[in-house]
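Remember, predicted model here, so these are calculated numbers, not experimental data. We name chains A, B, ... by the order of the sequence lines, and we start the count at 1 in each one.
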Amino acid sequence: MTDYKDTLNLPRTRFPMRGNLAKREPEMLKRWEQQDIYGQIRAAAKGRPRFVLHDGPPYANGDIHLGHALNQVLKDIIVKSRTLDGYDAPYVPGWDCHGLPIEHQVERRLGKQGNGLDAREFRAACREFAGEQVNRQRVDRKRLGAIGDWDRPYLTMDRRYEAEQLRAFARLLKRDLVFRGYKPVHWCLNCQSALAEAEVEYRDKRSYAVDVRFAVVDRSALGKALGVAVPDCPASIPIWTTTSWTLPGNRAVALNAALQYVLVETDFGAGRECLLVAEDMLESVANRYGMEERSVVGAAPGAAFERLELRHPFFDRVVPVVLGDHVTTEAGTGAVHTAPGHGHEDFAMGVEYDLPLDCPVDGDGRYLPATALFAGQHIDDAGRGIFETLRERGALLHSERVDHSYPHCWRHRTPVIFRATPQWFIGMDQGELRAEALEQITRVEWTPDWGEERIRGMIRDRPDWCISRQRTWGVPIPLFVHRESGEMHPDSAELALQVADVVEQHGIDAWFDPSLGEVLGDDAELYEPVTDVMDVWLDSGFSHHVVGTLWDEVSMPVDLYLEGSDQHRGWFQSSLLTSVGMYRRAPYKGVLTHGFTVDEQGRKMSKSLGNVIEPKQVYRTLGADILRLWVAATDYRSEMSVSREILTRVSDAYRRMRNTQRFLLGNLHGFDPGRHQVLDERMVALDRWALERARELQVEVVRAYERYEFHHIYHKVHNFCVVDMGGFYLDVLKDRLYTTPAEGVPRRSAQTAMYHIAEAMVRWLAPILSFTAEEIWQELPGERGDSVLLSTWHEIPEPDDYGDAAGGAESAEVDWPAILRVRQQVTVRLEALRAEGIIGSPLDANVMIECADSLAATLKRLGEELRFVFITSDAKVRSMTGTPPPPPPPRSLDSDAAAGTMWGVGIEIVPSPHEKCVRCWHKRVDVGQHAEHPELCGRCVSNVEGLGETRIYA
RNA sequence: GCCCCAGUAGCUCAGUCGGUAGAGCGGCGGGUUUAUACCCCGUGAUGCGCCAGAUAAGCGGCAGGUCGCCGGUUCGAAUCCGGCCUGGGGUACCA
């Protein structure tokens, strides 16, 4: 018996089955670095249309977490797919480097400034710390496989960045968008600084709510407003507040002009008295105070009480009744304690009624020395004292604990206070900034589309932007104010430009250098520099300008911003406002957002739940490509689930794609696309079909990349690998690849198709499975560049029409879908026989198909080659014109198998009576007819020592 | 509190105009082997009961009829409308 194994063309490849990504990926990174992949791509893409995705800078503190990784991978997929799409798509990564969290880290290391550390040294330490963080994060971001200009990122602490930021700020000054205001802002006692809206988060807090009497000064005035006589007893308006510490700042009581108020006479333990409350609140107020009996004396709308005089509960102060729409009947009494220094609405009331703007609390949270009764006390401790004082003065109606949502510092997680202090603002309305921003929003493409509504609402309703911070580590606000009046210098914009030049040369420390006064010239005596620094949202908010100005390859406005959906209030907004302020247009043409990562049950990741997955943990075990594939597989528009099971499923899919490519590579062994391609009329029909399928899929893949629908790509490509390739095409191809002559047309035709499929697929995968695609790229035959990323989508050729060999043009079209349907039925029937032990492998079987003329014609067209499609030893077709469909096969009455039989198609399968060819395993009548090869079938004889068989269809 | 998003099989996702609920993966059972990480077949969305010491599997049967839940519109709803639940996010003038 001869061993014919050597005469077969079995697959051969160096491309391993296992990815071993944790080990191989770092090697690939090194390779990319050595070949300067990013520089090469830029050179290759030069002159193409540009597509700029502008990086939102992560904050340079701490290691990246899964959310960062997800964001990075999405950006990278987009940059790479646009590159393959024929764009010049640069990517300049950035980092946000100033700000409080870094100051805290430095304080933890070195202690607060003042303790032997001056501001200049402190800033130097912050700079060093941020630099370390950038380096750490850079390693992790690169490890994910993201390509970009990692050696030349933008850092908001770079001198040139800081200088350009100051120039950008000068443009806002020129438009008069910046002003100094004295108004309440969120103030964090731990930060010792004002906070922006975006630095505040709402959390539950337990407070003591008190109801307080504000005595009416003049009963007759009250009676007049009501149009009735007021009984001869004390009258007051009760208010309800959860922040009793703001009572020292009280300057008014607000009613709603349109609400109906009633004066009730009652006695619940403090003697007979009259209380004025909103009619709608009377019931709940009565319950709260324990009023058992009451009588309504009179009623009038809130408007009637405007400017009615009330006595402050513990200060010798008369405060007016004011009217405001913010007063509702959701809680309280319908009368609102108003302290203009401690709230937005209160401040607005103060402006309208010209109330004194008191803020008796300092930056530490202590009452100022001039505050009667409470001077020097901390607001957290004063609650008791205020409570006692109210009780002593008979002003306390009720007190209770309440749990309510309250603003907290998002860094410290501690409650913030509202505190009026002099701050710098970007005005939303004085320069039409709000209106222009709202208009620009409509010109941007928001994905998902609800993003537009979200940001519109936020811009519409937001207060002026408080941009000053009383901190050390940040870009100075480059303003000089008059030493006496506090007014800005009239040439502020021009001066800021000069400051920018100085900072560019000497760094931001120059701002605090006494020599800075030189830029003022003769005014140096009259003006002094502001010591506040800018809100860091302004740093990153200006990045569109800075990066657009300093990087040649980035043009403004950019095509896309891509961040988590929380950035509608953060970076999307700060960028929009600065850009509209400077250029009167949005900085981006499109904004794409993604959701947050959650666990399999949809719960957010938290240490206490133990469901946190770290990017490091994934790429050090499974590999970055698995993480990338997870990103691609998941619909990122809503929350994205990760868990070990999900990653396991993703790994399975990875293996499938990898091994499909491996099979292609293994069978392309010995194939030189420059010499061996068969794309003329000799190309086998099945191979034409495969190319056609790949072409169709490529259209879908490219379109999905365009629309950022990566999860569709994952599913479609995976399905292609499983169903079209593994489940059909490649399975059928094995016989032809392995048994026909290596150099013959049948095998070369298959290799041609496989070659183009591999070329196309490696590019489909490249934006997602970047490491693996590069590995495949190196194994593909033919001339090629250093990297798959230097190419564009593969053009899948259309072969020439069939020649006469196929029997003329009428046979050009093969109805593959119909054949596949029949094939499906054949496999079901084969399985049934196998279950009965009649056959083992499909190659033990001969198939006879009986069906109507048209289908029979389709099948008969394949002639002898039909058996290869079924992978059986023989397949014949009989047409049954005019005869009814045969009854279900008598054998195997298993209902499923019977039901699985196509209507009108009879399938008869019998075991082949012939000998098995030891080489191709088909059982054929001609086995043993050749003296020299007694164990082979006829076509194997011809394949081994003749010219080889001919294949036209399969 | 208000607003937005999501909820379809164990997992990831499709589901067009309102017309019989799908794919791939995974699991389980079986087969095959010239890709043993390949391929082929079967098995899937509610509840209950029988067999059994019990669990799983299996077997046979009953009632059913499915898209987070409830209701509505409709001849007909995963799809349209209303309400609710769960999760995620946003937002706030919560005094």
Side-chain angles (χ1 to χ4, degrees), chain A residues 4-5 8-11 13 17-18 197 200 202 209 239-243 246 253-254 324-328 330-333 335-339 342-346 348-349 402 404-407 448 450-451 453-454 457-458 461 564-566 568-569 593 595-598 600-604 630 633-635 637-641 643 645-650 652-653 655-656 658-660 662-663 666-667 711-712 714-716 718-719 721-723 726-728 730-731 734-735 737-739 827-832 834-835 837 839-844 871 894 896-897 900 919-921:
Chain A
Y4 288 98
K5 188 141 190 176
L8 295 171
N9 309 299
L10 296 180
T13 178
M17 196 145 52
R18 283 174 165 279
E197 304 301 312
V200 169
Y202 287 79
I239 60 95
W240 179 79
T241 180
T242 55
T243 52
T246 61
V253 170
D325 291 339
H326 63 288
V327 179
T328 65
E330 277 163 27
T333 63
V336 174
H337 146 59
T338 299
H342 293 304
H344 276 146
E345 293 298 322
D346 299 25
M349 291 283 90
V402 293
H404 60 149
S405 144
Y406 188 84
W450 47 258
E453 213 24 67
R454 172 168 297 177
M458 285 193 248
D461 299 330
S565 56
D566 56 334
H568 286 102
R569 79 157 167 176
T593 52
F596 286 69
T597 55
V598 296
E600 206 166 284
Q601 277 91 44
R603 290 174 315 200
K604 62 171 112 183
W630 165 73
T634 311
D635 183 350
R637 288 167 300 188
S638 53
E639 65 260 40
M640 301 178 69
S641 298
S643 68
E645 189 196 334
I646 291 169
L647 289 172
T648 304
R649 289 294 87 73
V650 169
D652 289 339
R655 278 206 298 273
R656 189 50 193 251
R658 181 180 180 94
N659 281 322
T660 299
R662 180 168 185 268
F663 183 81
N667 285 292
H711 61 290
H712 290 161
Y714 165 86
H715 277 104
K716 280 175 176 161
H718 186 241
N719 237 35
C721 289
V722 173
V723 179
F728 174 55
L730 298 180
D731 206 29
K734 284 175 202 166
D735 178 84
L737 285 167
Y738 300 158
T739 68
T827 59
V828 172
R829 294 286 299 125
L830 283 169
E831 181 63 23
R834 200 187 269 143
I839 56 167
S841 110
L843 284 175
D844 293 339
I871 319 184
D894 171 55
D896 284 346
R919 185 169 175 274
C920 72
W921 295 357

Rounded distance in Å between the [atom1] positions of [N] and [M]:
| N | M | atom1 | result |
| --- | --- | --- | --- |
| rG65(B) | rU46(B) | P | 14 Å |
| rC84(B) | rC3(B) | P | 10 Å |
| rG30(B) | rG89(B) | C1' | 48 Å |
| rU20(B) | rG83(B) | P | 29 Å |
| rC75(B) | rG42(B) | C1' | 38 Å |
| rG19(B) | rC80(B) | C1' | 14 Å |
| rC62(B) | rU33(B) | C1' | 44 Å |
| rA54(B) | rA45(B) | C1' | 28 Å |

Are [X] and [Y] side-chain neighbours, meaning at least one heavy-atom pair lies under 4.5 Å?
| X | Y | value |
| --- | --- | --- |
| C721(A) | F663(A) | no |
| I871(A) | D735(A) | no |
| P842(A) | R834(A) | yes |
| V723(A) | F728(A) | no |

Considering only [options], which nucleotide approaches the side chain of [X] most closely?
| X | options | value |
| --- | --- | --- |
| H718(A) | rC25(B), rA37(B), rG90(B) | rC25(B) |
| V828(A) | rA14(B), rC4(B), rG42(B) | rG42(B) |
| K604(A) | rG10(B), rU12(B), rG88(B) | rG88(B) |
| D652(A) | rC25(B), rG90(B), rA37(B) | rC25(B) |
| N659(A) | rA14(B), rG90(B), rA37(B) | rA37(B) |
| R18(A) | rA37(B), rU32(B), rC94(B) | rA37(B) |
| R649(A) | rG10(B), rG90(B), rG24(B) | rG10(B) |
| Y738(A) | rU33(B), rA35(B), rU12(B) | rA35(B) |
| F663(A) | rA35(B), rG89(B), rU32(B) | rA35(B) |

Grab the [atom1]-[atom2] distance between [X] and [N] for me, whole Å please.
| X | N | atom1 | atom2 | result |
| --- | --- | --- | --- | --- |
| I839(A) | rU32(B) | CD1 | C1' | 10 Å |
| Y714(A) | rA23(B) | OH | C1' | 12 Å |
| I871(A) | rG31(B) | CD1 | C1' | 15 Å |
| D461(A) | rC94(B) | CG | C1' | 16 Å |
| F596(A) | rA6(B) | CZ | P | 17 Å |
| E639(A) | rC13(B) | CD | P | 10 Å |
| M458(A) | rG89(B) | CE | C1' | 10 Å |
| R637(A) | rG90(B) | CZ | P | 20 Å |

Reckon [X] has a side-chain N or O less than 4.0 Å from the OP1 or OP2 of [N]?
| X | N | result |
| --- | --- | --- |
| R569(A) | rU91(B) | yes |
| H711(A) | rA14(B) | yes |
| H715(A) | rA14(B) | no |

Under 4.0 angstrom, heavy atoms only, what part of the nucleic acid is [X] near: base, sugar-phosphate, or nothing?
| X | value |
| --- | --- |
| L730(A) | base |
| A633(A) | sugar-phosphate |
| D346(A) | nothing |
| D635(A) | sugar-phosphate |
| G727(A) | sugar-phosphate |
| S641(A) | sugar-phosphate |
| R662(A) | nothing |
| H568(A) | nothing |
| I646(A) | sugar-phosphate |

Handout entry: CA sep, side-chain torsions, deciding dist, call: L8(A), T739(A), side-chain contact (heavy atoms from CB on, under 4.5 Å)
Key = CA-CA 5 Å; L8(A) 295 171; T739(A) 68; 3.9 Å; yes

Exercise for the section: Specify the residue among T739(A) and R834(A) whose closest nucleotide of RNA chain B lies further upstream toward the 5′ end. Expected result: R834(A)

Fill in the blank from the handout: Residue pair T246(A)/T827(A) against RNA chain B: nearer the 5' end by closest nucleotide is T827(A)

Handout entry: Mate of rA56(B) where both pairing distances stay under 3.5 Å, Watson-Crick or G-U
Key = none

Exercise for the section: Return the nucleotide paired to rG87(B): Watson-Crick means purine N1 to pyrimidine N3 with N6-O4 or O6-N4, wobble means G-U with N1-O2 and O6-N3, both under 3.5 Å. Expected result: rC5(B)

Exercise for the section: Go through the steps to decide whether H337(A) and H342(A) satisfy the test side-chain contact (heavy atoms from CB on, under 4.5 Å), and finish with yes or no. Expected result: CA-CA 11 Å; H337(A) 146 59; H342(A) 293 304; over 6 Å; no

Completion exercise
Rounded to the nearest 0.5 Å, the CZ atom of R655(A) sits from the CZ atom of R662(A) at a distance of 13.5 Å

Exercise for the section: Before accepting this row, confirm whether a basic side-chain N of the pair D731(A)/K734(A) lies closer than 4.0 Å to the acidic partner's carboxylate O. Expected result: yes

Practice task
Answer yes or no: side-chain N or O of E831(A) and base N or O of rG30(B) forming a donor-acceptor pair under 3.5 Å.
Solution key: yes

